[in-house]
Amino acid sequence: MGSDFSSAIRPALVMTLLFALLVGLAYPLAILGVGQMLFPSQANGDKVVGSTVIGQAFTAGRYFQTRPSAAGKGYDGHASSGSNLGPTSKVLADRIKADVDKRRAEGMTGALPADLVTASGSGLDPDLSPEAALAQVPRIAKARGLAEPVVRALVERSIDEPLLGLLGERHVNVFMLNRQLDQVHANMGG
């Protein structure tokens, strides 16, 4: 019986070592390599000045603002989640009313795009609908002393289309739009 055990233990140890190397070393390195080749920006993280994949609060009037965040105290990556408030919640209705009032005070008229007054499921959405970005053009143009057509054209150039024309929706990355806005403003001597 002792020799049966010792003859069975060797293949078990060899297979354990082989799979540990394969699954614990070779596979992670392969995935890292694929990530570096196909998605270098995402694999290495974003620039120090901000993130294109995690929303952030832009509070200054000269910037496009993202949708409201329900993550912690706002755009807190450690508290990423929706609010769990249902459509009949008075707390949710009051928060939306406050956001609508804020947008009206900024000079927005007419129907407001929903993403200007509602949080995303994660609370960290970095994108807006093109309509939500365009609704902010008059405020941005006035705050920066730029002509509205200049700011509108910047938004229209910043619209990302659905992947392969099918996956996702048209959207504008607010961080990238604000970076481009700063560049346009600097180029025009602002």
Side-chain angles (χ1 to χ4, degrees), residues 1-59 63-87 89 91-92 95 99 113-133 154-183:
M1 177 159 173
S3 74
D4 288 342
F5 180 74
S6 59
S7 65
I9 195 79
R10 180 184 160 122
L13 289 174
V14 168
M15 292 302 288
T16 300
L17 181 62
L18 175 69
F19 278 100
L21 290 173
L22 183 66
V23 177
L25 190 62
Y27 179 74
L29 288 174
I31 294 301
L32 177 67
V34 168
Q36 291 291 330
M37 270 187 348
L38 299 179
F39 307 104
S41 175
Q42 292 89 338
N44 295 319
D46 280 326
K47 305 154 198 77
V48 175
V49 295
S51 174
T52 59
V53 295
I54 297 176
Q56 50 219 298
F58 291 97
T59 56
Y63 286 111
F64 285 91
Q65 297 170 357
T66 54
R67 64 190 304 163
S69 175
K73 298 201 183 293
Y75 299 100
D76 178 3
H78 293 102
S80 173
S81 69
S83 67
N84 278 345
L85 299 175
S89 167
V91 173
L92 178 62
R95 191 193 55 72
D99 286 332
D115 51 337
L116 283 179
V117 295
T118 58
S120 67
S122 70
L124 301 174
D125 192 350
D127 303 320
L128 280 177
S129 67
E131 296 77 20
L154 179 64
V155 170
E156 290 170 356
R157 285 193 311 270
S158 299
I159 297 172
D160 291 324
E161 297 295 333
L163 183 63
L164 303 174
L166 301 170
L167 302 174
E169 298 178 6
R170 297 176 73 218
H171 64 276
V172 176
N173 184 279
V174 177
F175 174 75
M176 292 304 296
L177 178 60
N178 283 332
R179 293 282 307 242
Q180 293 171 21
L181 182 63
D182 281 342
Q183 189 63 44

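Since the structure is predicted, the reported quantities are computational estimates derived from the model, not experimental observations. Residue indices begin at 1 and follow the sequence shown. Note: hydrogens, waters and symmetry copies are ignored here, and every other heavy atom, side chains too, is used.
- Taking CG of L13 as the start and CE of M15 as the end, the distance is 11.5 Å to the nearest 0.5 Å.
- Between the D127 side chain and the H171 main chain, no donor and acceptor come within less than 3.5 Å of each other.
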### Task
Please assess R67 against T118 for the test side-chain contact (heavy atoms from CB on, under 4.5 Å), listing each intermediate value before the final yes or no.
CA-CA 7 Å; R67 64 190 304 163; T118 58; 3.2 Å; yes
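- Listed here is the closest heavy atom pair of D115 and S129: OD2-N, 2.6 Å.
- Summarising the geometry, atom CG belonging to L17 is positioned 11.0 Å from atom CG belonging to L22; distances are rounded to the nearest 0.5 Å.
- Looking at heavy atoms from C-beta onward, Y63 lies in side-chain contact with D182 at the 4.5 angstrom threshold.
- Side-chain atoms of L177 and L154, non-hydrogen and from C-beta on, do get closer than 4.5 Å to each other.
- P130 and I159 make their closest contact through CB-CD1, 3.7 Å (heavy atoms, listed as atom of the first residue, atom of the second, distance).
- T66 places no side-chain N or O within 3.5 Å of a backbone atom of P126 that could act as its donor or acceptor partner.
- In this structure, CE in M37 is found 11.0 Å from CG in L32, a value given to the nearest 0.5 Å.
- Distance check, rounded to the nearest 0.5 Å: CZ of R179 to CG of N173 gives 11.0 Å.
- By the neighbour-count criterion of 12 heavy atoms within 6.0 Å, atom CD of E161 is densely surrounded, having more than that number from other residues, nucleotides or ligands.
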### Task
Dump the intermediate steps for side-chain contact (heavy atoms from CB on, under 4.5 Å) on F64 and V155, then the final yes or no.
CA-CA 10 Å; F64 285 91; V155 170; 3.5 Å; yes
